[in-house]
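Numbers for residues simply follow the sequence, beginning at 1. None of the values given here were measured: they were computed from a predicted structure.
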Amino acid sequence: MKQLFLSVSDGSVSLEETPAPAVRDHTVIIETLYSVISAGTERTLASFGGKNLIQKALERPDQVKKVTEKMSTDGILTTVSAAFGRLKDPMPMGYTAVGRVKETGAGVTELSAGDLVAAVGQAYHSEVNRVGKNLAVRVPEEIRDIRQAAFAALGGIALEGIHQAEIIPGETVAVIGLGLLGHITARILDAYGCGVIGFDVADKTLPDTRLMAFLNSRDDKAPELARSLTRGRGVDKVIITAATDSNAPVELAQQITRDRGTICMIGVTKMELDRRPFYEKELSFKIARSYGPGRYDSSYEENGTDYPLGYVRFTEGRNVEEFLRLLAEKRLELSDLITHVVPFSQAADAYEMITKNPQKETYLGVLLEYGPDEAKWDCVVKNQAFLAAGKKKTGKKQMNLGLIGAGLFARTTMLPVMRESGLYHFTGLAATGGIATAQANRMFPFAYTASDYRRLLEDPEIDLIAISTQHNSHAKFIVEAMEAGKHVYVEKPLCLTLEELDQIEEAYEKNDAELFCGLNRRHAPLIRQIRKELKTDRIPAVYEYVVNAGYIAPEHWTQDAKKGGGRIIGEAVHFIDTLQSLDGSRLAGLDVLFAHNDAYPKKDNAVITLQFQSGAAGSILYTSMGSKKYPKEQLRVFSSGAVYELDNYAGLQKYGTSRHGTVRMKQDKGILAQYRYIYDVLRGKKQNRAVWDAFVSHRMLLEQISAKHAKQFK
């Protein structure tokens, strides 16, 4: 299938070939018929991409601040490399469409294959989309022009603004900004029995958008005229739908709103509020969050958990349902708003029109048209790989790599470093989502991509399977890959439970395949330097590792015990392994002490103490409470009258008879060295000793956390 992506680095758009997404629980697979280009939102994104670095920086000072903070802790080269890496990551475009359901996942009872649905949020400009069941609503048969249903997200945004403003039938409402969203909002308000006054910098009125009046926003008399239309009172409510860098819409809204009125923002403008008019009139200012309650909530959008109707009348999905009801009952008509219908294959032309508009066309509703294609769908059903043309063949010294999962770490770290090593040929890529697959394959072309990971396991050419998926799937993929005779490299952790660890160890002992876990810090040059100079495998030491991990929202998947295992299992294994490698002796004891803090309810603040058979001891302080301006990782090693202080893998100070230090221009956590180590092991040049340390550390950590969990609920 093909999907549209935007290059954030230069603002260009392109259609990328990628496998269609596979169905998951609580999702539906939809073959797209029409999708809407949001002239405001998507033009803004494309225009931002077309700006140079200085212009981008001036427009996003918040991101510049993050970059400068990262430079102070991680080093200039590391930060610059990461920033440019993110700019190269193509962005999927689109968020509202109409299409036909082709397949439904477990837990979907409201929809069936063949249903015509309006879809939002995850409905990209793509021939096939996977959409959460709460984000897809069946289109009523009464809607003859199904193109109107493709505007569902815009209708949802308008309705959420209306709900947030608590508009009552009969009130007079000002709509500032008569673009596509403004017209839809005005028409819904009219359907609800409200009087609407439209404002814009130019006359954009349409015959079917019924207004009490249109007023030019730039007219100095506009506030006075608005009062004259409302018996001198001012409008009851204002909905700002404009998209501009100016604060003028907010300033206008302050002037035209009546005493104790409400202003609601659903557009994108500056929001510099003047206290005086808000105080004098006791105005309320609200912002509607996209299409309604449920937006950006993974439990609602991805896991299919709906909000109770008695508590949340209009959710994201029920706003779409209401929009479709208005269309079906002929209380809302949008066909005349459609000014352009462009074949999907010519999507680049549509974007040129909304960004540069060389032909000076007048446009409003711009749709991409796909059309049904049974041959394309047959390919999806069979989970066929899509072969990419013109890919280079494996080098004589290279190892064939098959990658399962194409998330952010794989795209920004794993694949760039593997390519830098020159040791791996990117043979096969498998991911259940078309977006991540296309993003990875565009920057790091594979010989083929597939939506079924078993395609990689069956490929006799692939030597090494790399796994970069959510933590709860690691064990399954490790065991299946090893039983298929493949060597495996998996990002940490190995697994989330002791039962899974037993299965992995059994598979490792039973098969000839090698197993590597992404515990790369043991391979870092500065760690190797400490180990070599101190000879920690012979002389006892005391280790202190401080990890200023930073705050992650409780709803993030890594905080979910079932998906990510929590941050201690998911990340702290890194630091345990680092101390294991430094000491060189077997880990003899491990204990975890969690901090209890109502402000940080998740268990991501802990002290881990370690005891080694050598007699050495270590502690790891892992916290989410610290400042981002403080380095993420600091390690201190005390032994034989010497102290080594490692600063975030970018600097090392040694205190002994004298003091001297090492400063690196680029942070190096040993990722490249680990990939070289994996290659050497598989070529028979080195032995894989690290895997046994990983087994021991995972087992001790999982036992401790399981014991404390059992004690908590005893």
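For the atom pair CD of Glu555 and NZ of Lys602, the computed distance is 9.0 Å after rounding to the nearest 0.5 Å. Residue Leu6 holds its CG atom at 8.5 Å from OG of Ser14, rounded to the nearest 0.5 Å. Here the CD-CD distance, from Glu103 to Glu31, works out to 12.5 Å after rounding to the nearest 0.5 Å. Atoms CD1 and CD, from Ile504 and Glu499 in turn, are 11.5 Å apart once rounded to the nearest 0.5 Å. The distance from atom CG of Leu701 to atom CG of Leu610, rounded to the nearest 0.5 Å, is 9.5 Å. The line from NZ of Lys563 to NE2 of His556 is 10.5 Å long, rounded to the nearest 0.5 Å.
Between the side chains of Tyr300 and Glu302, no donor N or O sits under 3.5 Å from an acceptor N or O. A donor-acceptor contact closer than 3.5 angstrom is absent between the side chains of Ser126 and Tyr370. In the model, Asn303 has no side-chain atom that pairs as donor or acceptor with a side-chain atom of His26 under 3.5 Å. Gln580 and Thr578 share no donor-acceptor pair across their side chains, judged by distance under 3.5 Å alone. Side-chain atoms of Gln122 and Asn129 include no donor-acceptor pair closer than 3.5 Å. Residues Asp459 and Thr427 bring no donor and acceptor atom of their side chains to less than 3.5 Å of each other. Ser421 and Tyr679 form no side-chain donor-acceptor contact under 3.5 Å, judged by distance and modelled atom types alone. Using modelled atom types and a 3.5 Å distance limit, the side chains of Glu514 and Tyr508 yield a donor-acceptor pair.
Ion pairing of Arg699 with Glu505 is present here, as a side-chain N (NZ or NE/NH1/NH2) and a carboxylate O approach within less than 4.0 Å. One finds no salt bridge joining Lys2 and Glu127 here, because no Lys/Arg side-chain nitrogen approaches an Asp/Glu carboxylate oxygen to under 4.0 Å. Salt bridge Asp452/Arg454: present, at least one basic N to carboxylate O contact under 4.0 Å. Electrostatic pairing of Arg586 and Asp693 does not count as a salt bridge here, judged by no charged N lying under 4.0 Å from a carboxylate O. The residues Glu571 and Lys492 are annotated as not salt-bridged, no charged nitrogen and carboxylate oxygen being separated by less than 4.0 angstrom.
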Practice prompt. Tell me, with the steps shown, if Glu461 and Lys486 meet salt bridge (charged side-chain N to carboxylate O under 4.0 Å, His left out).
Written response: CA-CA 10 Å; Glu461 298 297 320; Lys486 303 297 184 186; over 6 Å; no
Worksheet entry | Intermediate values then yes/no, side-chain contact (heavy atoms from CB on, under 4.5 Å), Leu672 and Asn520 | CA-CA 8 Å; Leu672 177 60; Asn520 47 275; over 6 Å; no
Worksheet item: Passes side-chain contact (heavy atoms from CB on, under 4.5 Å), Met418 versus Phe444? Steps please.
Response: CA-CA 10 Å; Met418 282 189 163; Phe444 310 97; over 6 Å; no
Discussion item. I'd like to know whether Glu633 forms a side-chain contact (heavy atoms from CB on, under 4.5 Å) with Lys669, so could you lay out the CA-CA distance, the side-chain angles of the two residues, the decisive distance to 0.1 Å, and finally the verdict.
Written reply: CA-CA 11 Å; Glu633 297 176 43; Lys669 294 183 178 179; 3.5 Å; yes
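Using bins of under 30°, 30° to 60° and over 60° for the plane-to-plane angle, the ring pair Tyr622/Phe575 lands in the tilted bin. Using the six-membered ring where Trp is involved, His523 and Tyr677 have ring planes that are tilted, between 30° and 60° apart. In this structure, Tyr675 and Tyr424 have perpendicular ring planes: the angle between them is above 60°, well past the 30° mark.
Each of Ile608, Ile568, Asn605, Val607 was evaluated against Phe594; a single residue qualifies, Ile568, per the side-chain contact (heavy atoms from CB on, under 4.5 Å) test.
A cation-pi arrangement is not found for Arg130 relative to Tyr124, the charged atom failing to lie both closer than 6.0 Å to the ring centre and inside a 45° cone about the ring normal.
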